[in-house]
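When reading the values below, keep in mind they use all heavy atoms of this one structure, side chains included, and skip hydrogens, waters and symmetry mates. The shown structure was predicted, so the numbers you read here are calculated from the model rather than taken from an experiment. The sequence lines fix the lettering, A, B, ..., with proteins before strands; numbering per chain opens at 1.
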Protein chains: 2
Amino acid sequence: MHKEHNLTKNQQIIFNLIDKSSEPLKAYTILSNVQKKGIKAPLQVYRALDKLVEIGKIHKIESRNAFIACQNSSCQVSKATAFSICESCEKVTEISNSNLSKYLSNFKDKAGMKYSKYNLEFFGLCKKCITK
Amino acid sequence: MHKEHNLTKNQQIIFNLIDKSSEPLKAYTILSNVQKKGIKAPLQVYRALDKLVEIGKIHKIESRNAFIACQNSSCQVSKATAFSICESCEKVTEISNSNLSKYLSNFKDKAGMKYSKYNLEFFGLCKKCITK
DNA sequence: CTAAAAAGCGTTATATTATAACATATTAAC
DNA sequence: GTTAATATGTTATAATATAACGCTTTTTAG
Ligand SMILES: [Zn+2]
Ligand SMILES: [Zn+2]
Ligand SMILES: [Zn+2]
Ligand SMILES: [Zn+2]
C-alpha cells in the first residue's frame with residue numbers, strides 16, 4: 001500500500017516521457033524533449049526528477065546517470081532496487097524477484113550498520129546480444 | 001590468483017593517495033592533491049582512475065562519483081563489488097561476505113541474461129551515527 | 001635485436017551532469 | 001483567509017567527464 005501522489009504539471013510531463021520511453025533517459029535528453037512543453041531549464045527537470053525518485057515513480061540508474069520508470073507498479077520498494085544492464089545494447093530492466101529482495105533486505109554486515117535502502121546493478125549481455 | 005600489475009608513475013601516485021585516504025575521493029579532489037606531483041589535468045587523473053578500476057585496485061562508488069581503494073587485497077572480485085554507505089557521515093566500507101557474493105554471482109533472472117559483473121550499494125546509518 | 005603495436009602521457013578545449021541563489025506562484029493545513 | 005510548505009521560473013555557475021591531437025615509453029612478436 002503506497003500513498004498516491006498527485007503529480008504537478010512538470011512532474012507529470014517528465015514522468016510521462018520517461019514512462020513511455022523504452023530506455024533510460026538522461027536529464028538533458030529529457031530537457032530537450034520537453035522544451036516544447038515549456039520546461040526550459042535544467043533545474044526544472046532535476047527538481048521533477050528528484051521528486052519522482054523520492055516517491056518511487058522512477059529510479060536512477062547510477063552507473064548511467066539515467067532515469068527509468070518503475071516497473072513494479074510504483075515500487076513499494078523504491079528503496080530496494082535492482083537492475084540488469086546489457087553492456088552491449090544498454091537495455092535496462094528492473095529486476096523483480098522476491099527471493100533477491102528478501103535476501104538483500106535482511107542482509108546484515110558485521111559492522112552492524114542499519115540499512116534502509118540498497119541499489120543493485122547487474123551487468124552483462126542480454127539474450128539478444130549474447131548470440132551476436 | 002590475480003595478475004600483478006606494475007603501476008605507472010601516475011597510476012602509482014593516484015593509487016597511493018586513494019589508498020591512504022580514509023574516505024572515498026572525488027576526481028577533482030584527487031587532482032588538487034597531486035598537482036604538486038606534476039599531474040596537472042583532469043584527463044591525467046581520469047585515465048589513471050580508469051586503469052585502476054579496470055585492474056581492481058580501486059572501485060568507483062557510483063552513487064557518490066568517488067573512488068575507494070579495494071579492501072580485499074586487490075579484489076579478485078573487482079567485478080563483484082558491494083559497499084555500505086552511511087548517509088549521515090558518508091563513511092563507505094567495502095563488504096566482504098562470501099555468502100553474499102556467492103548469492104549474487106549465481107543469481108539468474110528470468111530474462112536469461114548472462115551476468116559478468118555487479119555492483120551493490122547499501123545505504124543506512126553506521127553504528128556511530130545511529131546513536132546520535 | 002628490432003620493428004610494429006599497444007599503452008601511456010601532456011595539453012587544450014569542450015561536453016555533460018548537477019546545483020546555488022533568488023524572486024514569485026501555487027497548494028495544503030489550520 | 002492567513003500561514004506554511006511545495007513548486008516554479010530564471011540566470012548563473014559548479015562539478016564531473018571526455019574529445020582530439022601529437023608525442024613518448026613499454027611491450028610484444030618475429
Ligand atoms: Zn521500482
Ligand atoms: Zn543487449
Ligand atoms: Zn574490492
Ligand atoms: Zn555514519
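Stacking between A:Tyr28 and C:dT16 is absent: the ring centroid is not both under 5.5 Å from the six-membered base ring centre and under 30° in plane angle.
What separates CD1 of B:Ile39 from C1' of C:dT11 is a distance of 14 Å, to the nearest Å. Summarising the geometry, the separation between NZ on A:Lys26 and P on D:dT16 is reported as 15 Å, rounded to the nearest angstrom. A straight line from CG of B:Leu31 to P of D:dT18 spans 15 Å, rounded to a whole angstrom. Rounded to an integer number of Å, the gap from A:Ile30 CD1 to C:dT16 C1' is 14 Å. Going from atom CG of B:Asn10 over to atom C1' of C:dA7 covers 13 Å, rounded to whole Å. Rounded to an integer number of Å, the gap from CD of B:Glu54 to P of C:dA7 is 9 Å. Computed from coordinates, the A:Leu25 CG to C:dT17 P distance equals 12 Å when rounded to whole Å. In this structure, A:Gln12 places its CD atom 15 Å from C1' of D:dA7, rounding to the nearest Å.
Proximity of B:Thr131 to B:Cys129: side-chain heavy atoms (C-beta onward) are nowhere separated by under 4.5 Å.
Using bins of under 30°, 30° to 60° and over 60° for the plane-to-plane angle, the ring pair A:Tyr46/A:Tyr28 lands in the perpendicular bin. Taking the six-membered ring where the residue is Trp, B:Tyr118 and A:Phe122 present perpendicular rings, their angle passing 60° and hence far from 30°.
Taking only side-chain nitrogens and oxygens, B:Asn65 never comes nearer than 4.0 Å to OP1 or OP2 of D:dA15. For the OP1/OP2 pair of C:dC9 and a distance below 4.0 Å, the side-chain nitrogens and oxygens of B:Thr8 include at least one atom meeting the criterion. Contact between the side-chain N/O atoms of A:Lys60 and the OP1/OP2 oxygens of C:dA18 is found at a separation under 4.0 Å.
The 5' end of DNA chain C is approached more closely, in terms of each residue's nearest nucleotide, by B:Lys9 than by the other of B:Pro42 and B:Lys9.
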Handout entry: Test log, rule side chain to side chain donor-acceptor pair (under 3.5 Å), inputs B:Glu121 and B:Asn119
Key = CA-CA 7 Å; B:Glu121 297 180 6; B:Asn119 180 57; 3.2 Å; yes
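With A:Ser105 contributing its side chain and A:Ser101 its backbone, the two residues share a donor-acceptor pair below 3.5 Å.
A distance of 8.0 Å separates CD in B:Glu87 from CE in A:Met113, rounded to the nearest 0.5 Å.
If you check residues 43-52 of chain B against DNA chain D, the residues with a heavy atom closer than 4.0 Å are B:Leu43, B:Tyr46, listed by number.
Side-chain contact check for B:Tyr103 and B:Asn97: no donor-acceptor pair (N or O, by modelled atom type) lies under 3.5 Å.
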